[in-house]
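Here's the structure we're looking at; comments come further down.
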Amino acid sequence: MYEKITPPAAGAKIAFKNGEPIVPDNPIIPFIRGDGTGIDIWPATQKVLDAAVAKAYKGQRQISWFKVYAGDEACDLYGTYQYLPQDTLTAIEEYGVAIKGPLTTPVGGGIRSLNVALRQIFDLYACVRPCRYYAGTPSPHKNPEKLDVIVYRENTEDIYLGIEWRQGSEIGDRLIKILNEELIPATPEHGKKRIPLDSGIGIKPISKTGSQRLVRRAIKHALLLPKNKQQVTLVHKGNIMKYTEGAFRDWGYELATSEFRQETVTEQESWILSNKEKNPNISLEENARQIEPGFDNLTPDKKAQVVKEVETVLNTIWATHGDGKWKEKVLVNDRIADSIFQQIQTRPDEYSILATMNLNGDYLSDAAAAIVGGLGMGPGANIGDSSAIFEATHGTAPKHAGLDRINPGSVILSGVMMLEFLGWQEAADLIKKGLSDAIANSQVTYDLARLLEPPVEPLKCSEFADAIIQHFG
Ligand SMILES: NC(=O)C1=CN([C@@H]2O[C@H](COP(=O)(O)OP(=O)(O)OC[C@H]3O[C@@H](n4cnc5c(N)ncnc54)[C@H](OP(=O)(O)O)[C@@H]3O)[C@@H](O)[C@H]2O)C=CC1
Ligand SMILES: O=C(O)CCC(=O)C(=O)O
Ligand SMILES: [Mg+2]
């Protein structure tokens, strides 16, 4: 079955039923060490995970690690250009849950991203990246503890589908010609716009199915959070990209108000309900005026439409959501992407789950990680209905590779997410405690040490792992 690797003799497979993992006490878990700093981070992570599982379950549970290959290490073993061997895909398919270090992607030409390929091959459509603050972590932000968000990033489509043509390529030029001469002129709203002839071309598909399955998972997650964090914000640039990013927003609201009608309230609905609660005799028109800026300047048709929306909301959900009941529901709102970047800095505590398309989520998860201490503190999970791969938000940080200095925190915390996904909460909690206490004790790697005042002598990557284990208690 495998060409160059052998699964561990002991251990059993994790199965999936209705999207949930069924976990034996000795699961076999494939891991990819990763390129660049993967060489430092992975051994540190494995040591911490094993120590936590051993302490929490005293031999009743343990992970059987299965080393699989991708990136540079795979080429060394399998040969030139064998960046993602079939063995690796077979192992992840068979064992369901895997964890990985970062993998290099060249800019401009060369191979396409192996990280993205894994997400697409296994249809890991939700990239879940929590950004929360651990006490004592130095941050460029004044109140980093106020940020506690989870970026829920659509992980399979958008420009990451990689459908693009180089400037000057035969197909690219043909496409531009067809667009300029046939398709754009046939769409009156485009007027005299034309694509410059020396353009590269990329395609940005955003599907209803892809958007809604991501938002569905985000809402289900929100329902498990404490009441004050039960909120999903749809992040988009729909003012500019109306039929892709704007559609993502509309499909998100559509899903929330159909599949989760009893559990959710949209921000606009909350305003309408609250207007009526404050003034039970408020007219539909006055209610519409209060929720729609510039209502009085709208055309009669548009005014009638807003009034109709108010009427529909009151008719359909007043009984179930009115009289303050909406405050117990998951709040679904939306924010334009550029605005959310400043909102997470200026009003961090007003946000919880940020549901995004692929590119926006990529940017936003690095930015949010920076607020709570940097990329060394940014874990993540790629989740599908029949498999999951855990990995940090950051990349291979090549300038730090092999120096035993990089912060392993984000891959260790990705391991914590994996343990929680397996239902091994006791082991996950030990690591969170160990990491919190090490940081609070100023036992940190270079990235955090340089921000601390007064500065402290940094720990090595491997020493930080040891410090976490010592602080298990
Ligand atoms: N999922 C994946 O595997 C990903 C892979 N990549 C790939 O990684 C390669 C390098 O990308 P690059 O743009 O340099 O981005 P990286 O995320 O690899 O690194 C950028 C900077 O972030 C900081 N950083 C990264 N990781 C850590 C960490 N563990 N602890 C502390 N600080 C950290 C370092 O900053 P400083 O030097 O200031 O301390 C580093 O120089 C590219 O090929 C890219 O495609 C990128 C993202 C994700
Ligand atoms: O695959 C890559 O090289 C980059 C991916 C990335 O930036 C991410 O997933 O956040
Ligand atoms: Mg990224």
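Counting convention: from 1, in listed order, for ligands and their atoms alike.
- Within ligand 1, counting atoms from 1 as listed, the ones closer than 4.0 Å to a heavy atom of Arg119 are 1 (N).
- For atom 3 (O) of ligand 2, the nearest non-hydrogen atom of the protein is Thr105 OG1, 2.4 Å.
- Close approach to Asn407 involves these atoms of ligand 1, each under 4.0 Å from a residue heavy atom: 28 (C), 29 (N), 30 (N), 31 (C).
- A salt bridge is defined here as a Lys NZ or Arg NE, NH1 or NH2 lying under 4.0 Å from an Asp or Glu carboxylate O, and Glu391 with Arg119 meets this definition.
- Closest to atom 27 (C) of ligand 1, if we only count protein heavy atoms, is Ile406 CD1, 3.7 Å.
- A salt bridge does not link Lys220 with Glu263: every distance from a Lys NZ or Arg NE/NH1/NH2 to an Asp or Glu carboxylate oxygen is 4.0 Å or more.
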Between Lys433 and Asp429, does the salt bridge (charged side-chain N to carboxylate O under 4.0 Å, His left out) criterion hold? Intermediate values first, please. CA-CA 6 Å; Lys433 177 188 179 305; Asp429 288 345; over 6 Å; no
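- For atom 31 (C) of ligand 1, the nearest non-hydrogen atom of the protein is Asp447 OD2, 3.4 Å.
- Ion pairing of Glu267 with Arg335 is present here, as a side-chain N (NZ or NE/NH1/NH2) and a carboxylate O approach within less than 4.0 Å.
- A salt bridge is defined here as a Lys NZ or Arg NE, NH1 or NH2 lying under 4.0 Å from an Asp or Glu carboxylate O, and Asp148 with Arg132 fails to meet this definition.
- For Arg153, every heavy-atom contact with ligand 2 shorter than 4.0 Å involves the side chain, none the backbone.
- For atom 38 (O) of ligand 1, the closest non-hydrogen atom on the protein side is Arg450 NH2, 3.5 Å.
- At the top of the distance list for atom 1 (O) of ligand 2, counting protein heavy atoms only, stands Ser113 OG, 2.5 Å.
- The nearest heavy-atom contact from the protein to atom 7 (O) of ligand 2 is Asp362 OD1, 3.2 Å.
- A donor and an acceptor atom, one from each side chain of Asp385 and Tyr125, are located under 3.5 Å apart.
- The presence of a protein heavy atom under 4.0 Å from atom 12 (P) of ligand 1 is ruled out.
- Nearest protein neighbour of atom 1 (N) of ligand 1, counting heavy atoms only, is Glu391 OE1, 3.0 Å.
- In the vicinity of Lys399, heavy-atom distances shorter than 4.0 Å reach the ligand 1 atoms 37 (O), 41 (O).
- Residues satisfying the ring pair (Phe, Tyr, Trp, His ring centres under 6.0 Å) criterion with His221, sequence neighbours excluded, are Tyr152.
- A donor-acceptor pair shorter than 3.5 Å can be found between the side chains of Thr90 and Gln86.
- For the pair Arg112 and Tyr160, the cation-pi test (distance below 6.0 Å, angle within 45°) is failed.
- Using a 4.0 Å cut-off between charged nitrogen and carboxylate oxygen, Lys55 and Glu426 do not count as a salt-bridge pair.
- No other N/O/S atom of Asp362 lies as close to the Mg ion (ligand 3) as OD1 does.
- Here the heavy atom of the protein found nearest to atom 46 (C) of ligand 1 is Gly395 CA, 3.3 Å.
- Below 3.5 Å of separation, one finds no N or O of Thr104 facing any N or O of ligand 1.
- Below 3.5 Å of separation, one finds an N or O of Arg129 facing an N or O of ligand 2.
- Neither the backbone nor the side chain of Glu391 has a heavy atom within less than 4.0 Å of ligand 2.
- Distances shorter than 4.0 angstrom do not occur between any heavy atom of Met377 and any atom of ligand 1.
- The closest approach between Thr393 and ligand 1 falls below 4.0 Å for a heavy atom of the residue.
- Taking the charged nitrogens against the carboxylate oxygens, Asp158 and Lys204 do have a contact shorter than 4.0 Å, which makes a salt bridge.
- Remark: the Glu245 side chain and the Asn360 side chain contain an N/O donor-acceptor pair separated by less than 3.5 Å.
- Of all atoms in ligand 1, numbered sequentially from 1 with element shown, those under 4.0 Å from a heavy atom of Pro102 are 3 (O).
- Close contacts of ligand 1 with Lys100, meaning ligand atoms under 4.0 Å from a residue heavy atom, involve 3 (O).
- Remark: among candidates Gly71, Pro398, Gly376, the nearest residue to atom 14 (O) of ligand 1 is Pro398, based on non-hydrogen atoms.
- At a heavy-atom cutoff of 4.0 Å, ligand 2 is contacted by the side chain of Arg119 but not by its backbone.
- Other residues, nucleotides and ligands contribute over 12 non-hydrogen atoms within 6.0 Å of the OH atom of Tyr57.
- Heavy-atom distances between Arg405 and ligand 1 stay at or above 4.0 Å for every pair.
- Considering only non-hydrogen protein atoms, atom 7 (C) of ligand 1 sits nearest to Leu103 O, 3.6 Å.
- At least one side-chain heavy atom of Ile195 sits under 4.5 Å from a side-chain heavy atom of Ile184.
- Atom 4 (C) of ligand 2 has Asn115 ND2, 4.5 Å as its closest protein atom, hydrogens excluded (heavy atom only).
- Under 4.0 Å is where a charged nitrogen must lie from a carboxylate oxygen, and between Glu73 and Lys67 at least one such pair does.
- Side-chain contact of Glu154 with Thr156: a donor-acceptor pair under 3.5 Å is present, judged by distance alone.
- For atom 18 (O) of ligand 1, the closest heavy atom belonging to the protein is Ala397 N, 2.7 Å.
- The single protein non-hydrogen atom nearest to atom 32 (N) of ligand 1 is Tyr446 OH, 3.6 Å, given as residue, atom name and distance.
- Contacts between Asn115 and ligand 1, counted as non-hydrogen atom pairs separated by less than 4.0 Å, involve the side chain only.
- Under a 4.0 Å N-O distance rule, the pair Asp173/Arg166 does not qualify as a salt bridge.
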